Amino acid sequence: MNLVFRLLWVVITAFRRSKLGMMEESVITLRVMPNDLDTNIHMNNGRYLTIMDLGRVDFIIRSGMAKQLREQKWYPVVGSAKISYKRSLSPFQRYELKTRVHGWDEKWIYLEQEFVVGDVLYARGIVKTLFLKDGHKIPSSQVAHAIGYDGPSPEINPADEQALS
């Protein structure tokens, strides 16, 4: 994580913001900084993936998952990520990063993350993640239950699931 100050800001503010249910959306507001830029003077394509980590940190803390990770000695692992870029983010432009659970199967939890300005989508990513303890996979339903969700998974878009295989 090479965004130390933004990471600290997200962690500190996450503890002061409202709690989230597993199926609720995390929204953090950020700004494109000079060290986010590439030679084309817009946000570097690789930086989007790094920024997405910040959205997942906010979601993990606010959903109560961070507490479960500590208590259960679980740790999250990203299996794959796919991102589609729609528009360029410019220097100093403010944007929101929205993070939500897209769905899950027995092994993987799929998170959808969107970079938006107002109502305009700039980029959309899907991240496939799982949780481990001592190298063993924790079933997604057990993870959901641990943070208070006992309902079924939303339908996963087959194209998203296929793209991450």
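As the structure is a prediction and not an experimental result, all values here were calculated from the model.
- By the criterion of side-chain heavy atoms lying less than 4.5 angstrom apart, applied directly or through intervening Ile, Leu, Val, Met, Phe, Trp or Tyr residues, L37 is grouped together with L54 in one hydrophobic cluster.
- With salt bridges taken as basic N to acidic carboxylate O contacts below 4.0 Å, one links D36 and R6.
- In this structure, a donor-acceptor pair under 3.5 Å is present between the side chains of Q113 and T99.
- A 4.5 Å side-chain heavy-atom check between Y122 and Q93 finds at least one atom pair inside the cut-off.
- More than 12 heavy atoms of other residues, nucleotides or ligands sit less than 6.0 Å from atom CD of E71.
- Side-chain atoms of S153 do not come within 3.5 Å of backbone N or O of D105 as any donor-acceptor pair.
- Crowding of K133 atom NZ: a count of heavy atoms from other residues, nucleotides or ligands under 6.0 Å exceeding 12.
- Proximity of V78 to K128: side-chain heavy atoms (C-beta onward) are nowhere separated by under 4.5 Å.
- For W108 and F131, the ring centers are positioned 6.0 Å apart or more.
- For the pair E114 and K98, the salt-bridge criterion is not met [side-chain N within less than 4.0 Å of a carboxylate O].
- Note on L111 and V116: separate hydrophobic clusters, where clusters join Ile, Leu, Val, Met, Phe, Trp and Tyr whose side-chain heavy atoms are under 4.5 Å apart, directly or indirectly.
- Using modelled atom types, one side-chain atom of D38 and one backbone atom of N40 make a donor-acceptor pair closer than 3.5 Å.
- Using a 4.5 Å cut-off on side-chain heavy atoms (C-beta onward), Y85 and N45 make contact.
- Put simply, the side chain of R47 does not reach to within 4.5 Å of the side chain of V32, judged on heavy atoms.
- Counting heavy atoms from C-beta on, the side chains of I83 and M52 come closer than 4.5 Å.
- Taking hydrophobic clusters as Ile, Leu, Val, Met, Phe, Trp and Tyr residues chained together by side-chain heavy-atom distances below 4.5 Å, L30 does not share a cluster with L121.
- Residue I51 is grouped with residue I41 when hydrophobic side chains (ILVMFWY) are merged at heavy-atom distances under 4.5 angstrom, including chains of intermediate members.
- No salt bridge links R62 with E24; every basic N to acidic carboxylate O contact stays at or beyond 4.0 Å.
- Between F115 and Y48, the ring center distance clears the sub-6.0 Å criterion.
- In the hydrophobic clustering of this structure, V27 does not group with V57; members are Ile, Leu, Val, Met, Phe, Trp, Tyr whose side-chain heavy atoms approach within less than 4.5 Å, directly or through other members.
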